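See below for the structure under consideration.
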Amino acid sequence: MEAVNLTWSYDHFKTYLLIFAAESNQVITVEEKDYIESQFDILLIKTVQKEINRDNDFQRIQKIMAYIEQNNLSKTDLDELLQEINAVYQSDGKYDMNEKGVFQFLEKLFKM
């Protein structure tokens with residue numbers, strides 16, 4: 001893994017992760033957007049959205065892995081994050097194959 005040094009707050013990380021998940025099928029639905037906006041400050045969301053738009057998929061995964069490693073997130077923390085990702089996916093009533101694939105990938109990534 002390439003060295004990535006992040007100075008993110010936990011909310012910044014969580015926002016990044018949920019937007020990453022919501023974009024996994026190339027479309028953020030109104031319901032997914034509303035769910036994320038109900039969880040975080042709109043300014044933080046806009047800041048993270050700009051960052052995520054600049055990053056490619058490899059960089060996104062690197063940042064997620066680096067934050068988890070640098071902050072020693074526990075199994076409980078990671079399980080809670082997976083539940084929140086699932087809530088984003090369920091918010092629009094559709095859970096498509098791309099979302100399921102990314103969710104399974106994140107489950108494996110979080111167990112490393």
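If you're wondering where the values come from, they're calculated on a predicted model, not measured in any experiment. These values consider heavy atoms only, across backbone and side chains, with no hydrogens, waters or symmetry-generated copies.
Residues passing the side-chain hydrogen bond (donor to acceptor under 3.5 Å, both in side chains) test with Asp92 are Thr29, sequence neighbours excluded. Under the ring-ring contact (aromatic ring centres under 6.0 Å, His included) criterion, Tyr67 pairs with Phe13, sequence neighbours left out. Judged as a ring-ring contact (aromatic ring centres under 6.0 Å, His included), and not counting sequence neighbours, Phe110 has no contacts. For Glu31, there are no salt bridge (charged side-chain N to carboxylate O under 4.0 Å, His left out) partners two or more places apart in sequence or in a different chain. Looking at residues two or more places apart in sequence or on another chain, you find no ring-ring contact (aromatic ring centres under 6.0 Å, His included) involving Phe103. Phe40 meets the side chain to side chain contact (heavy atoms under 4.5 Å, CB included) test with Asp11, Lys14, Thr15, Leu18, Ile36, Leu44, Ile45; sequence neighbours excluded.
No side-chain heavy atom of Val48 sits under 4.5 Å from any side-chain heavy atom of Trp8.
To the nearest 0.5 angstrom, Asn25 atom CG is 9.5 Å from Lys94 atom NZ. For the atom pair CE of Met97 and NZ of Lys100, the computed distance is 6.0 Å after rounding to the nearest 0.5 Å. Distance check, rounded to the nearest 0.5 Å: CD of Glu32 to OG of Ser24 gives 7.5 Å. Residue Thr47 holds its OG1 atom at 10.0 Å from CD1 of Ile42, rounded to the nearest 0.5 Å. Between the CG atom in Leu78 and the CG atom in Leu17 there is a gap of 9.5 Å [rounded to 0.5 Å]. Distance CG/Leu106 to CD1/Ile64: 6.0 Å, rounded to 0.5 Å.
Put simply, the residue from Ile28, Val102, Asp57 that forms a side-chain contact (heavy atoms from CB on, under 4.5 Å) with Glu23 is Ile28.
Between the side chain of Gln59 and the backbone N or O of Asn56, at least one donor-acceptor pair lies under 3.5 Å. Remark: the backbone N or O of Gln49 is paired with a side-chain donor or acceptor of Asn53 at under 3.5 angstrom. Under a 3.5 Å cut-off, the side chain of Asp96 and the backbone N or O of Asn98 do form a donor-acceptor pair. Looking at Tyr35, its side chain never comes within 3.5 Å of a backbone N or O of Gln90 through a donor-acceptor pair.
Transitive grouping of hydrophobic side chains (ILVMFWY, heavy atoms separated by less than 4.5 Å) keeps Ile19 and Val27 in distinct clusters. Linking ILVMFWY residues whenever their side-chain heavy atoms come closer than 4.5 Å, directly or via other members, places Phe105 and Leu81 in the same cluster. At a threshold of 4.5 Å between side-chain heavy atoms, the hydrophobic network of Ile, Leu, Val, Met, Phe, Trp and Tyr places Leu109 and Tyr16 in one connected group.
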task = Take Lys63 and Phe20 through the side-chain contact (heavy atoms from CB on, under 4.5 Å) test and state the conclusion after the steps.
result = CA-CA 11 Å; Lys63 287 181 175 183; Phe20 168 78; over 6 Å; no
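Side chains of Asp79 and Gln83: a donor-acceptor N/O pair is absent below 3.5 angstrom, by distance only.
Here the shortest heavy-atom pairing between Glu107 and Leu82 reads CG-CD1, 3.9 Å.
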